[in-house]
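In what follows, a structure is listed as structure tokens, so that the remarks can point back to it.
Since this is a predicted model, take the numbers as computed values, not measurements.
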Amino acid sequence: MTLTSPSLGSSAEWTDARLLYALEEVVEKELNRHLKVTKDWMPHEYVPWSDARNFPGFFEDGEAWDPSQSKVTEIGKIALVVNLLTEDNLPSYHHEIASLFGRDGAWGTWVHRWTAEEGRHGIVMRDYLLASRAVDPDKLEQFRMAHMSEGFESDNRHSMLHSVAYVAFQELATRISHRNTGHQSGDPVCDRMLARIATDENLHMVFYRNLLGAAFEIAPDLTMQAVRDVVVDFRMPGHGMPGFERAAAQMAIGEIYNMRIHHDDVLQPVLRFLKVLQIEGLGPDGLRAQEELGLYMNGLDSEASKFDEKLAARKARMAARAAG
């Protein structure tokens, strides 16, 4: 299947507007496929409402939050807050993709559908955290206000192709982060909720991954350069939240999200599925980008191996202390 249209010019002449037009048919196809396989679900059905009770403030019987009330592990608390604050920036994400992809036709339908589905994630996570008293509600709201008050600007807002490439990886990264958080939360209710969210994120990844594959067909050199740029400079969307660096380090040690996971479970699956490093017939710029991407992945794998060794040594030390 080829999507190239002579009326749209050569790959050297591709603009965002031309790419949006050329990919419209693919977006419609992927949107229809998505709507057939996705299942609507009710956020309130995943929340343990029977555990809920009033907090202090307007209620005389309000009970202050205490860490002992939480069923969630320490690493689970950290990751849940990071994951929820990331979801909280949905208004900014919607603005970004609506500005890039438009609000009309198949593109617009997808933008609004994606936003509606993502909205469930923030709703169910916050309701769970408050009903189960998993984290300090006052600090959670303070973090939300600080994070959203800073605003959000994507590193890839300058280019539609870069944005498609980014979300193809980022949606998978978010899925992995949610899934691992659930596994390590220590609460089966939390694990079940995050598994439901992760299912959505995986379907979103498939939409963008397939769209990226179509972009490789019509503008292989530009798409290769976009993928190279995105992979080399990849940052999670929550990087601007308060205390993100420390939380990310703790999540890395806790094996929720780290270099090894990023390499093996996020970057490699997308690159392998699209056979990005095997694409032939590229021009000089595309070939250079492909080579640089391959070198970067090799370097990242080496760095991940060093991290693995440090993490294994840390586990051995902790086990020795526990035994002693």
Side-chain angles (χ1 to χ4, degrees), residues 43-44 46-49 51-99 111-112 114-157 166-167 170-171 173-174 177-178 181-182 185 187 190 193-194 197 200-201 235-252 254 256-257:
H44 57 267
Y46 287 81
V47 179
W49 298 109
D51 290 348
R53 48 203 186 276
N54 292 336
F55 288 102
F58 293 103
F59 297 99
E60 293 181 1
D61 63 343
E63 181 181 350
W65 182 81
D66 185 90
S68 64
Q69 298 165 352
S70 178
K71 300 176 182 178
V72 177
T73 61
E74 286 305 310
I75 188 59
K77 292 177 188 175
I78 293 167
L80 278 164
V81 170
V82 169
N83 292 352
L84 176 55
L85 291 182
T86 300
E87 300 285 357
D88 276 333
N89 255 337
L90 182 60
S92 291
Y93 307 149
H94 174 83
H95 174 75
E96 292 269 351
I97 66 170
S99 298
V111 166
H112 297 310
W114 175 88
T115 302
E117 290 184 8
E118 288 287 343
R120 289 182 177 138
H121 303 168
I123 291 170
V124 71
M125 288 179 69
R126 175 166 281 100
D127 285 349
Y128 164 79
L129 291 178
L130 295 180
S132 68
R133 295 191 167 230
V135 300
D136 186 334
D138 292 344
K139 287 186 177 179
L140 182 64
E141 178 60 11
Q142 290 161 6
F143 284 152
R144 187 189 71 84
M145 286 296 295
H147 185 38
M148 294 192 70
S149 295
E150 285 293 317
F152 172 83
E153 285 189 331
S154 169
D155 295 332
N156 304 289
R157 62 190 180 280
Y166 176 74
V167 289
Q170 182 267 321
E171 292 283 2
T174 304
S177 181
H178 281 313
T181 298
S185 67
D187 181 8
C190 180
M193 171 192 67
L194 291 176
I197 293 174
D200 280 0
E201 303 290 9
R235 295 196 296 176
M236 290 294 273
H239 60 80
M241 69 180 61
F244 178 78
E245 288 77 11
R246 184 170 186 271
Q250 291 170 308
M251 290 168 68
I256 287 177
Y257 200 94

- Message: Measuring from atom NZ of K139 to atom CD of Q142, what distance do you get when rounded to the nearest 0.5 angstrom?
- Response: 8.0 Å
- Any side-chain heavy atom of R120 within less than 4.5 Å of one from V124? no
- Query: Would you say E150 has more than 12 foreign heavy atoms packed within less than 6.0 Å of its CD?
  - Reply: no
- Task: To the nearest 0.5 Å, tell me how far R53 CZ sits from Q69 CD.
- Result: 4.5 Å
- Within-4.5 Å side-chain heavy-atom neighbours: Y128 and D51: no
- Quick check: are there more than 12 heavy atoms from other residues, nucleotides or ligands sitting under 6.0 Å from NE2 of H94? yes
- Task: Taking the side chain as every heavy atom from C-beta outward, state whether M241 and M236 have any pair of such atoms under 4.5 Å apart.
- Result: no
- Message: Working to the nearest 0.5 angstrom, can you tell me the gap between Q250 CD and I78 CD1?
- Response: 3.5 Å
- Message: Using every non-hydrogen atom in the two residues, find where M251 and S177 come nearest and quote the distance to one decimal.
- Response: CE-OG, 3.8 Å
- In this structure, which one of M148, H95, E118, H121 forms a side chain to side chain contact (heavy atoms under 4.5 Å, CB included) with L90? E118
- Message: Using only atom types and a distance under 3.5 Å, with no angle test, would you say the side chain of W49 pairs donor to acceptor with the backbone of A131?
- Response: no
- Would you please name every residue forming a salt bridge (charged side-chain N to carboxylate O under 4.0 Å, His left out) with D136, sequence neighbours left out? none
- Query: Who passes side chain to side chain contact (heavy atoms under 4.5 Å, CB included) against F58, sequence neighbours left out?
  - Reply: none
- In Å and rounded to the nearest 0.5 Å, what is the CE to CD distance from M125 to E87? 6.0 Å
- Item | Side-chain (Y257) to main-chain (T181) donor-acceptor, under 3.5 angstrom | no
- Item | SB check R126 D88 (cutoff 4.0 Å) | yes
- D127 and H44: side-chain donor and acceptor closer than 3.5 Å? no
- Query: Closest approach of S70 and A134, non-hydrogen atoms and distance?
  - Reply: OG-O, 2.8 Å
- Is L194 close to L80 at the side-chain level, that is, under 4.5 Å between some pair of heavy atoms? yes
- Query: Do C190 and M193 have side-chain heavy atoms sitting under 4.5 Å apart?
  - Reply: yes
- Item | Residue pair S185 / D187, side-chain donor-acceptor N/O under 3.5 Å | no
- Message: Less than 3.5 Å apart, any donor N or O on the side chain of Q170 or T174 sitting next to an acceptor on the other?
- Response: yes
- In Å, rounded to the nearest 0.5 Å, how long is the span from CD of E117 to CD1 of I197? 12.5 Å
- Query: Do the non-hydrogen side-chain atoms of Y166 and D155 ever get within less than 4.5 Å of each other?
  - Reply: no
- Enter the distance from I256:CD1 to I75:CD1 here, rounded to the nearest 0.5 Å. 4.5 Å
